[in-house]
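Note: hydrogens, waters and symmetry copies are ignored here, and every other heavy atom, side chains too, is used. Residue numbers begin at 1 in each chain, while the letters A, B, ... track the order of the sequences.
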Amino acid sequence: MKAKMALSKQPYKGARDFYPPDKRLQKYIFAKWREVCESFGYEEYDAPILEPLEIYLAKTGEEIVKEQTYLFQDRSGREVVIRPEMTPTVSRMVAAKRQELSYPLRWYSIPNLWRYERPQRGRLREHWQLNVDLFGVEGMEAEYEVISLVDALFKSFGAKPDMYEIRLNSRKLVDDALAGYLSLDGKEAHGVSKLIDKLHKMDRAKFVSAVDKVLKPKSREAGITEKLLALLDVRKIKELPGELKDHPSAAELAQMLNTLSDAGIKNARFDVTLMRGFDYYTDVVFEVFDTHPDNNRSMLGGGRFDGLVGLFGVQPVPTVGFGWGDVTLTNFLELHSLMPDLPPETDIYAAVVGDVVDQARKPIASLRRGGVNVAVDLSGRKVGDQIRAADKKGVRYVLVVGEEELKSGKLTLKDLDTGKEQKLSPSEIIKKFKE
RNA sequence: GUGGCUGUAGCUCAGUUGGUUAGAGCGUCGGGUUGUGGUCCCGAAGGCCGUGGGUUCAAGUCCCAUCAGCCACCCCA
């Protein structure tokens, strides 16, 4: 007879179990995200994890959605997708209450998102993403505010300016550079922009030959390839060639970099090669790069997308927003030694000496009413073993409760960090923990 | 979806050219006498060698398949 196949103890592919220490880290990250967003006046919202397929088809290609999402039919045959991103959802929500919401609207959310693909470094099938959006502001003040918020977020995790770099570009500027300055037609421009997106993944010669393949003979002969290469080497806005220097978006970007610099944000720079896909961004785009050599990648990305709310049949609402995944953030914190040492939520581990569990309940209950988190050892083991259990769990304080303490009303509070003991009444203990 | 690398104890890994009962460190649990942890000493538990098939007198070791993990590509919302 064959043995039964054992059940797998592994979590689903590309998804994670969160044991208490993992969950503590997640709570830490979420708390920082919430704290900083709320300090800028952003309000938290949420939505269902399931959306109808159509909501994604409107802005992304059908094939991509069908191949890279969790797509299935519900019992009534509706096509349902587990949300792979939050932007369509939040656009839907804003569109639904387009008239009654008051702008500017500052919203954030921390949804879990799913995508169907092979997991790799920095990318799992399920992740949590901070989504921040500012609706209803047409001018660059919106970009400025959102980028300031991004910077404040990084600083809240203890990041130093040399650990990350904020890169800015403008889709309008790039579009005009390709169509106007380089005189490319639509097809050429699309192909070239895709290549620019992959620029850093190939060497110069390979890039040039790929560009030559995309360009029509007429463009090649006109020396467009050389012109393009020169453009991509531009590092500063004022180095932009010809009419691009006077482009309104260039002026706006320059202005914003100045404003950011005045505000003490000096690790931001213009990057003409920054593309961020090619679909729904309408003007400014930005990304935050990890400067650590082992993780030289984009961690966070966003920009202006003024057209999405309008897809729901209402008047469009200008929007600037970004998304930041927990996986890339965790990699960042690890590589830069910014991982916090997080103790458990328990303040006190109560060791009960002798057969006095019943009598110990009252003083312990009063501690809890006073806001102190108390776990009670119910094992009846020797005190030493109970203290060891507290130490192993990482709880700093042990409360020893025995005949002596119950008689005197003064409980023994031991600090495992210092090894010192104090005899305190429950109210004194509560006072101590309130500090 | 494509390709590469890797699967031995909870974790990190040893395991000779295939050759008896599978090894270490860390961790876990117990003990070192009855109200005090971390260090130290002693001991124990814990392995279908990822899974299935094949070659062989003999497989952790060789071959095939499969699953899983990692990395890269594709894609990136």
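Taking atom C1' on both B:G54 and B:C11, the two are 33 Å apart, rounded to the nearest angstrom. With C1' as the reference atom, B:G3 and B:G46 are 38 Å apart, rounded to whole Å. Annotation: B:A24 and B:G32 have their C1' atoms spaced 25 Å apart (nearest Å). Comparing the P positions of B:U8 and B:C62 gives an interatomic distance of 15 Å, to the nearest angstrom. Taking the P atoms as reference points, B:G50 lies 15 Å from B:G15, given to the whole Å. Spacing between B:U12 and B:U6 at atom C1', rounded to whole Å, works out to 15 Å. Rounded to the nearest Å, the gap between the P atom of B:C13 and that of B:A44 is 27 Å. Here, B:U33 and B:A45 have their C1' atoms 24 Å apart, quoted to the whole Å.
Protein atom CD of A:E403 is 11 Å distant from nucleotide atom P of B:G35, rounded to whole Å. To the nearest angstrom, P of B:C76 lies 18 Å from CZ of A:R125. With rounding to whole Å, A:L411 atom CG is found 18 Å from B:G35 atom P. Rounding to whole angstrom units, CZ of residue A:R115 and C1' of B:A77 are separated by 8 Å. Rounding to whole angstrom units, OH of residue A:Y12 and P of B:C67 are separated by 13 Å. When rounded to the nearest whole Å, the span between CZ of A:R297 and P of B:C76 equals 15 Å. Between the P atom of B:C76 and the CG atom of A:N131 lies a distance of 18 Å, rounded to the nearest Å. Rounded to an integer number of Å, the gap from A:H200 NE2 to B:C73 P is 8 Å.
Just one of A:L168, A:L173, A:L253 meets the side-chain contact (heavy atoms from CB on, under 4.5 Å) condition when paired with A:I237; it is A:L253.
Within the cation-pi definition used here (under 6.0 Å to the ring centroid, within 45° of the axis), A:R297 does not qualify as a partner of A:F289.
In this structure, of B:C76, B:C71, B:G35, it is B:C71 that holds the atom nearest to the side chain of A:R121. When distances are taken from the side chain of A:K201 to each of B:C76, B:G35, B:A77, the shortest belongs to B:C76. Counting only heavy atoms from C-beta on, A:V400 has its side chain closest to B:G35 among B:G35, B:A77, B:C76. Listed nucleotides B:U36, B:G38, B:C75 differ in distance to A:D391; the shortest reach to its side chain belongs to B:G38.
Listed here is the closest heavy atom pair of A:P340 and A:Y28: CG-CE2, 3.4 Å.
Nearest-nucleotide positions on RNA chain B place A:K420 closer to the 5' end than the other of A:P119 and A:K420. Both A:L124 and A:R118 sit near RNA chain B, but only A:R118 has its closest nucleotide nearer the 5' end.
Every pair passing salt bridge (charged side-chain N to carboxylate O under 4.0 Å, His left out) that includes a residue from residues 357-380 of chain A is listed here, sequence neighbours excluded: A:D358-A:R361, A:D377-A:R381.
With hydrogens and angles left out, the side chain of A:E405 and the base of B:G35 share a donor-acceptor pair within 3.5 Å. Residue-to-nucleotide contacts include a donor-acceptor pair under 3.5 Å from the side chain of A:E421 to the base of B:U36.
Salt bridge annotation for A:E44-A:R34: present, with a cationic side-chain nitrogen under 4.0 angstrom from a carboxylate oxygen. The pair A:E117-A:R125 fails the salt-bridge criterion, with no side-chain N (NZ, NE, NH1 or NH2) lying under 4.0 Å from an Asp/Glu carboxylate O.
Within the 3.5 Å criterion, the main-chain N or O of A:R115 finds no donor-acceptor partner in the side chain of A:T69. Side-chain N or O atoms of A:R83 include one that pairs as donor or acceptor with a backbone N or O of A:N112 at under 3.5 Å. With A:N267 contributing its side chain and A:P161 its backbone, the two residues share a donor-acceptor pair below 3.5 Å.
Residue A:G419 is classed as a base contact, given a heavy-atom separation below 4.0 Å to a base. As judged by a 4.0 angstrom heavy-atom cut-off over every strand, A:G14 is placed among residues touching the sugar-phosphate backbone only.
Heavy-atom neighbours of A:E428 CD from other residues, nucleotides or ligands within 6.0 Å: above the threshold of 12.
Taking 4.0 angstrom as the limit, A:K13 places a side-chain polar atom (N or O) nearer than this to OP1 or OP2 of B:G69. Side-chain nitrogen and oxygen atoms of A:K198 include none within less than 4.0 Å of the OP1 or OP2 phosphate oxygen of B:C73.
Using modelled atom types, one finds no donor on one side chain facing an acceptor on the other under 3.5 Å when comparing A:E145 with A:S148.
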Please test A:S219 against A:E188 for side chain to side chain donor-acceptor pair (under 3.5 Å), starting from the C-alpha separation and ending with a verdict. CA-CA 9 Å; A:S219 302; A:E188 287 174 311; 2.7 Å; yes
Contact state string [nucleotides 29-34 of chain B, B base, S sugar-phosphate only, - no protein heavy atom under 4.0 Å]: S--S--
Here RNA chain B, pairs taken as Watson-Crick or G-U under 3.5 Å and shown with ( ), [ ] when crossing and | when to another strand, reads (((((((..((((.....[...)))).(((((.......))))).....(((((..]....))))))))))))....
